[in-house]
Structure formats: C-alpha cells, structure tokens
Amino acid sequence: MIKLVAFDLDGTLLQPDGSISEEDKQALKEAAAKGVELVVSTGRPYAGVPKVVEDLGFHYAITTNGAAVYTYPGKELVYENCLDREIALTMISTMRDLSVYPDSFVDGNGWGYEEKKAMIDNLELPLGIRTYMKKTRLFKEDVVKTIVDEDKNVQKITVDFILDEEGNPKDYEKVKQLFLDCPLVDMVSGGVLNLEVTKKGVNKGVALQMLAKTGNWNRRNYGNW
C-alpha cells in the first residue's frame with residue numbers, strides 16, 4: 001500500500017502559468033482522502049509554496065532542495081541542514097559585486113539585496129517565476145550583515161543570471177568556479193541559467209527518506225525525528 005507521495009512543483013505539478021490541472025488536483029485529493037500522506041518537495045523556500053496547493057491536504061513541505069522540512073501550514077521546522085555559515089557569507093558577499101542576482105534562503109524565506117531587486121525583470125526566467133520572486137522575496141540593504149546581526153543560517157543559495165550584449169550570461173563562469181572551489185557544497189542547476197548550492201550531501205531524497213522513516217503520518221505526531 002502506498003503511504004506517502006512526494007511531488008515537485010515547478011516543471012512538475014505546476015503548469016507554466018502556475019496553475020494545477022484539474023486531473024492532477026483530483027488525483028492528489030483522492031490519494032489524501034485514502035490516507036496517503038502528500039508531501040511537497042521543492043527547491044523553493046517555505047514562503048514560496050503557492051496558495052494554489054494549499055487545499056490538496058498535505059502536512060509537510062520539503063523545501064530548498066531538501067535543506068529544510070516544515071510542517072504545513074504551521075511552519076514548524078522539523079529538519080534543517082544548512083550551509084556552513086562562513087562559507088555562505090563569503091559566497092554571498094562575493095556575488096554582491098558581480099552582475100548576478102543571488103538569493104539566500106533563510107528561515108523559509110528568500111533574502112535578496114535591495115540594490116539588485118530591479119535585476120529580476122532582466123533575468124532569463126519565465127514571467128511567472130519573476131513575478132513570484134518579486135512577491136515573495138525579502139529585500140535587505142545588506143544580506144551578509146543581516147545574517148550576522150540576527151545570527152541566522154543559510155539553507156541554500158540560488159543565483160540567476162542576465163545576458164550580456166553577445167547573449168552570454170554575465171559572470172556565469174565566475175560564480176560556477178566560486179562554487180566548484182568549495183568542496184563542502186553541492187552545486188546543481190535548477191533551471192535555465194541558474195545555479196544553486198546547498199551543504200554537501202543535502203538533497204530532496206535524503207530529506208524524504210528521513211521523513212518517511214518517522215512513520216508519523218498525522219498532524220499530532222509530526223516532528224519526531
């Protein structure tokens with residue numbers, strides 16, 4: 001008997017316009033009604049889980065490529081495996097001076113530099129994704145200083161790129177090499193002209209395995225890791 005079904009959002013459950021097909025919606029609701037635990041599994045932060053999935057009947061969200069798992073909709077953190085903070089701060093600081101748009105995922109939110117907010121409209125991303133980013137990101141005057149002052153940890157870093165006059169992504173190789181030079185992170189590409197890093201060994205599969213092993217498929221017992 002199937003007890004758990006995990007589903008990705010972008011490029012999987014969500015259609016290009018951000019909606020869910022009626023067929024998929026009905027199938028998931030029927031599974032939930034039969035006692036199957038539904039789990040969102042996404043590269044987005046908790047704040048990026050769209051309202052369109054709220055009524056599907058799920059209690060957990062694997063976020064930021066597996067770096068953090070939250071109960072839903074209560075946002076109780078039940079698992080987190082963050083980047084080394086000094087490594088994250090060095091990367092975020094370095095990219096501030098490059099022609100790229102970096103996002104730092106902290107406490108279930110995406111933090112961006114206020115000075116780089118206008119770059120979102122020029123990113124090589126679908127309109128729906130750019131709109132989502134502008135609506136959900138928290139823009140800080142100084143991301144590094146805020147992380148230090150508030151004693152925060154970074155779940156994931158995502159970098160998106162704009163094109164130069166010749167159609168090449170600006171500073172792409174610099175960012176890629178910055179990530180490759182660090183043996184303590186895993187780098188993936190989450191889409192067109194996109195690079196993402198999490199702590200080495202962190203991924204959705206690991207988070208899902210940990211969640212599956214709990215066997216606590218109800219709201220009263222969640223969080224027993």
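- Residue Met95 comes nearest to Pro102 through the heavy atom pair CE-CB, 4.0 Å, listed as atom of the first residue, atom of the second, then distance.
- To the nearest 0.5 angstrom, Glu22 atom CD is 9.0 Å from Ile20 atom CD1.
- Both Val106 and Val185 sit in one connected hydrophobic cluster of ILVMFWY residues. Membership requires side-chain heavy atoms under 4.5 Å apart, directly or through other members.
- The shortest side-chain heavy-atom distance between Phe161 and Tyr101 does not fall under the 4.5 Å cut-off.
- Note that CG of Leu178 is 10.5 Å distant from CD1 of Ile87, once rounded to the nearest 0.5 Å.
- A pairwise comparison of heavy atoms in Phe58 and Leu38 identifies CB-O, 3.0 Å as the closest pair.
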Which side-chain N or O atoms in residues 7-16 pair as donor and acceptor under 3.5 Å with protein atoms at least two apart or in another chain?
from: Asp8; atom 1: OD1; to: Lys204; atom 2: NZ; distance (Å): 3.2
from: Asp8; atom 1: OD2; to: Thr12; atom 2: OG1; distance (Å): 3.3
from: Asp10; atom 1: OD1; to: Arg44; atom 2: NH2; distance (Å): 2.7
from: Asp10; atom 1: OD2; to: Arg44; atom 2: NE; distance (Å): 2.9
from: Gln15; atom 1: NE2; to: Ser19; atom 2: OG; distance (Å): 3.1

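- Counting heavy atoms from C-beta on, the side chains of Val49 and Val53 come closer than 4.5 Å.
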Side-chain atoms of residues 142-153: list all donor-acceptor pairs with protein atoms under 3.5 Å, sequence neighbours left out, distances to 0.1 Å.
from: Asp142; atom 1: OD1; to: Val144; atom 2: N; distance (Å): 3.2
from: Asp142; atom 1: OD1; to: Lys145; atom 2: N; distance (Å): 3.0
from: Asp142; atom 1: OD2; to: Arg96; atom 2: NH1; distance (Å): 3.4
from: Lys145; atom 1: NZ; to: Asp149; atom 2: OD2; distance (Å): 2.6
from: Thr146; atom 1: OG1; to: Asp142; atom 2: O; distance (Å): 2.8
from: Asp151; atom 1: OD1; to: Arg85; atom 2: NH1; distance (Å): 2.7
from: Asp151; atom 1: OD1; to: Arg85; atom 2: NH2; distance (Å): 3.0
from: Lys152; atom 1: NZ; to: Asp107; atom 2: OD2; distance (Å): 2.6

Salt bridge (Lys or Arg N to Asp or Glu O under 4.0 Å) between Lys25 and Asp55, worked out:
CA-CA 9 Å; Lys25 186 182 298 185; Asp55 64 346; 5.3 Å; no
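- The closest side-chain heavy-atom distance from Asp84 to Val154 is not below 4.5 Å.
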Check step by step if side chain to side chain contact (heavy atoms under 4.5 Å, CB included) holds for Lys75 and Tyr46.
CA-CA 8 Å; Lys75 200 188 175 184; Tyr46 180 92; 3.5 Å; yes
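- Atoms CG and CG, from Leu138 and Asn109 in turn, are 4.5 Å apart once rounded to the nearest 0.5 Å.
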Could you walk me through whether Val197 and Met91 satisfy the side chain to side chain contact (heavy atoms under 4.5 Å, CB included) test, starting with their C-alpha distance in whole Å, then the side-chain angles of each, then the deciding distance to 0.1 Å, before giving a yes or no?
CA-CA 10 Å; Val197 288; Met91 291 179 171; 4.2 Å; yes
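- We find the OG-CD distance between Ser189 and Glu196 to be 7.5 Å, quoted to the nearest 0.5 Å.
- Not one N or O on the side chain of Asp186 forms a donor-acceptor pair closer than 3.5 Å with the backbone of Thr198.
- When the side chains of ILVMFWY residues are joined at heavy-atom separations under 4.5 Å, either directly or via intervening members, Leu127 and Leu193 end up in two distinct hydrophobic clusters.
- Hydrophobic cluster membership differs between Val188 and Leu123, with clusters built from Ile, Leu, Val, Met, Phe, Trp and Tyr side chains linked at under 4.5 angstrom.
- Between the CE atom in Met133 and the CG atom in Asp121 there is a gap of 10.0 Å [rounded to 0.5 Å].
- Both tests hold for Lys156 against Phe105: distance to the six-membered ring centre under 6.0 Å, angle to the ring axis within 45°.
- By the 4.5 Å heavy-atom criterion applied to side chains, Thr63 and Val69 are not counted as neighbours.
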Dump the intermediate steps for side chain to side chain contact (heavy atoms under 4.5 Å, CB included) on Asn194 and Thr158, then the final yes or no.
CA-CA 7 Å; Asn194 161 280; Thr158 296; 3.2 Å; yes
Working note: Tyr60 + Tyr70, criterion ring pair (Phe, Tyr, Trp, His ring centres under 6.0 Å); need CA distance, chi angles, decisive distance, verdict.
CA-CA 6 Å; Tyr60 298 92; Tyr70 293 92; over 10 Å; no
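- Taking every heavy atom of both residues into account, Pro45 and Gly110 meet most closely at CG-N, 4.2 Å.
- Between Lys140 and Ser104, the closest side-chain pair of non-hydrogen atoms is not below 4.5 Å.
- Shortest non-hydrogen contact noted between Leu163 and Pro169 is CD2-N, 3.7 Å.
- Val202 and Leu83 fall into different hydrophobic clusters, defined by Ile, Leu, Val, Met, Phe, Trp and Tyr side-chain heavy atoms under 4.5 Å apart, directly or through other members.
- When atom types are taken as modelled, the side chain of Ser93 and the backbone of Leu89 share no donor-acceptor pair closer than 3.5 angstrom.
- With contacts defined as side-chain heavy-atom distances shorter than 4.5 Å, the pair Val5/Glu37 does not qualify.
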Side-chain donor-acceptor distances from residues 170-177 under 3.5 Å, at least two apart:
from: Asp171; atom 1: OD2; to: Ser99; atom 2: N; distance (Å): 2.8
from: Gln177; atom 1: NE2; to: Asp181; atom 2: OD1; distance (Å): 2.8

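- Between Met119 and Tyr113 there is no side-chain heavy-atom pair separated by less than 4.5 Å.
- Taking CD of Gln155 as the reference point, atom NZ of Lys199 lies at 13.0 Å (rounded to 0.5 Å).
- Residues Ile62 and Leu208 meet the side-chain proximity criterion, which asks for heavy atoms closer than 4.5 Å.
- Taking each heavy atom of Lys116 and Val100 in turn, the nearest pair found is NZ-O, 2.9 Å.
- Contact record, Lys134 with Phe139: O-CE1, 4.2 Å, taken as the closest heavy-atom pair.
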